Amino acid sequence: MTQLSFLNQGKDRVRTRLQALRQELQQHAHRYHVLDAPTLADAEYDRLFQELVALEQQHPELITADSPTQRVGGTPLAKFATVPHTVPMLSLENAFAAGELVDFEERLFRFLQSRAPIAYMTEPKLDGLAVELVYEEGLFTLGSTRGDGQVGEEISKNLKTIPTIPLRLLAQNGEEAPKRLEVRGEVFIGLADFKRLNDERGKAGESLFANPRNAAAGSLRQLDPKITATRPLDFYVYGVSDPTALPCANQQELLKYLGSLGFKVNPLVHLCRNITEVIDRFAELREQRSTLSYDIDGMVVKVNDFALQERLGAKARSPRWAIAAKFPASQATTRLRAVEFGVGRTGAITPVAILEPVQVGGVMVSRATLHNEDELRRKGLMLGDTVLVQRAGDVIPEVIKPILENRTGREQPICMPRSCPECGFPLVRAGQEAITRCPNPECPAQRVRGLIHFAGKSGMDIDGLGKKAVQQLVSQGLIQDIPDIYQLKGENLAALDGWGEKSAANALRAIEASRTPSLAKFLAALGIWHVGEVTAQLLARHFASLPRLLLAGEADFLHLEGIGEQVATSLVDYFQDPAVREMLARLEALGVRVQDEKQALEGGGPLAGSVFLFTGGLAHLSRHEAKARIKELGGQVASGISRKVTHLVLGDNPGSKLTKARELGLTVITEDEFLRLISR
Ligand code: IVH
């Protein structure tokens, strides 16, 4: 049928056609903008759109607020109105290092008085503007900026111009749209769009935006929505003001639900089972960052479970259940003068970039690690290159890439050495490993670094035995290996250059204090390949004592969540090494007593031998949490009632299990009694 024939028909037919057109256009726009999977040729879309425009022109009284023609419209505002947020839009606390994520989880454990595993949703943190979109009966009615968190500016018309913001929520199978839904997310501009926008502005003689974030902010806070409509704004959803009324138990389900309503959800969101996975994911995302078509400044980490979120609640400005793991922001360019090769404590040969000194984030940088040979090759660096340098967190400077446009042709290739720069031993690179190592166990560089690590902050943290002191002790022949530290004599120390009675006494006192380390600390201090503080803690919690750990085989290690093949092999190689066994024996003989971990996670544990069963609802924690906690303490959970059950935990509205338990004469406890059992 032609367009004209429709125009001649009755209003009802027009209304029906309008509705069909809008629905079809909405679906195609969703496929095109949100799913990035169009099923309709652009020309066909345009034809449908023009038909809609023509029909609406004929019947302006039939125009609806959610019509795709209404994305741009209305007259410029004199000023923005303000809108209070029904639920404050909070901000997030920041974490700048992996250790701070572990601290974050420790705070959660403390607050919850439980160490039950916590799953986290991780989401790229887009660097744009937080906005709130209100939908009533499925229709977009109000949009606002975050403002001061309590009150924002009303920018509905501007938000309507963003193609990835639905004007009407997609219909759910058989379910009504929520009566009122307050959706939150980030408005941003992609990197390519940003460049194009700035190029155009440059050509037009207009001022340039400093970065995509400023461009997005400037575009969104336009009083004339027609200007906003010309800006390439985009939107990712990340939450709602109050999820409790929705059919979602956790953040993962919420994001899926919001996706089904037609919102764009970042495809890089990722559920992690524990904080170790979060830390890994953060490292991964940092790697991915440079490949993304938009800028991110970190990763948002959210406790996945809504019941847990609710228990955790919020502080004044930020929720307790989330944190922003931030990427380092500062970058600069400089010249790569030379590459030196260092020998690490594991014999790893690390290429180090020697740079023309440059300020990065307020700190002068003249050296940066290039990690290993593969990294070096992957980055395609050459001597004399202009390079982009970035400071990771507040510590490690890093060379990101060469600026190829600045090449002159005089740059020289970088060659890896064939023998150890410290001891001359021929270097090896084993099969799968990315690392070239000096295999000489006597290599003086490795010994010194191993000792520095042992006494240092991520090891035993012995005051007075910092890097310089250890180097001095080694070069003076006072120590060669770890046990030697515990044989140091005051008079020898006091006689050293720069030392005196007092510093010698202090160092001895600190060494004394390190004779009873926790298992985790001791394991981390040993400097076993691939075993850092997090893995050391995991091992300590699981094995609880050094003798038990020494009995473990590869399979026992692999069995542990968070330990892969590489770590397991490394542990076995280390502890099976006769030299290591001898060293441990010497330490023991010298009075070093590694403390047992109080709480064993396996076999033993305070709840070993107990079998729990639940009936009715728990008020203070979810069944899932309760079960995880029991397992953590060495207990078991039954799936049904039997004589094996040692404790029936009575919740609200207990079911028939209670009667049966009484018949069987089982111990029945209240939730409070249970909580006491599992709190430590
Ligand atoms: S959640 C209470 N999720 O980061 C929860 N925020 O300081 C707070 N942001 O203003 C927001 N991506 O603009 C959340 N996936 C994400 C985010 C995200 C970016 C921004 C947001 C907020 C700021 C937090």
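Keep in mind the model is a prediction, meaning the values are calculated, not measured. Remember, it's 1-based here, ligands and their atoms both numbered in the order they're listed.
The contact set between ligand 1 and Ser91, taken as ligand atoms under 4.0 Å from a residue heavy atom, comprises 7 (O). Set against the non-hydrogen atoms of Pro319, the atoms of ligand 1 under 4.0 Å away are 2 (C). Those atoms of ligand 1 with a heavy atom of Pro124 less than 4.0 angstrom away are 12 (N), 15 (N). Remark: ligand 1 atoms within the under-4.0 Å shell around heavy atoms of Glu123 are 3 (N), 15 (N), 16 (C).
Using modelled atom types, no side-chain atom of Arg31 and backbone atom of Ala37 make a donor-acceptor pair closer than 3.5 Å. Under a 3.5 Å cut-off, the side chain of Arg320 and the backbone N or O of Leu312 do form a donor-acceptor pair. With hydrogens and angles ignored, the 3.5 Å screen pairs a side-chain donor or acceptor of Glu671 with a backbone N or O of His620. Without hydrogens or angle criteria, Glu186 side chain to Gly128 main chain gives a donor-acceptor distance under 3.5 Å.
The protein atom (non-hydrogen) at minimum distance from atom 12 (N) of ligand 1 is Leu126 N, 3.5 Å. What sits closest to atom 4 (O) of ligand 1 on the protein, heavy atoms only, is Lys125 CE, 3.1 Å. What sits closest to atom 11 (C) of ligand 1 on the protein, heavy atoms only, is Tyr238 CE1, 3.6 Å.
An N or O contact shorter than 3.5 Å links Glu186 to ligand 1 by distance. Between Leu92 and ligand 1, at least one N/O pair is under 3.5 Å apart.
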**Pair Thr276-Val102, side-chain contact (heavy atoms from CB on, under 4.5 Å): steps then yes or no** = CA-CA 8 Å; Thr276 316; Val102 175; over 6 Å; no
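Between Phe282 and Phe327, the angle of the ring planes stays under 30°, which puts this pair in the parallel group of the 30/60° scheme.
Distances from ligand 1 to the non-hydrogen atoms of Lys302 include at least one value under 4.0 Å.
Figure legend: Lys264 and Tyr236 shown as a cation-pi pair, the cationic atom lying under 6.0 angstrom from the six-membered ring centre and within 45 degrees of its axis.
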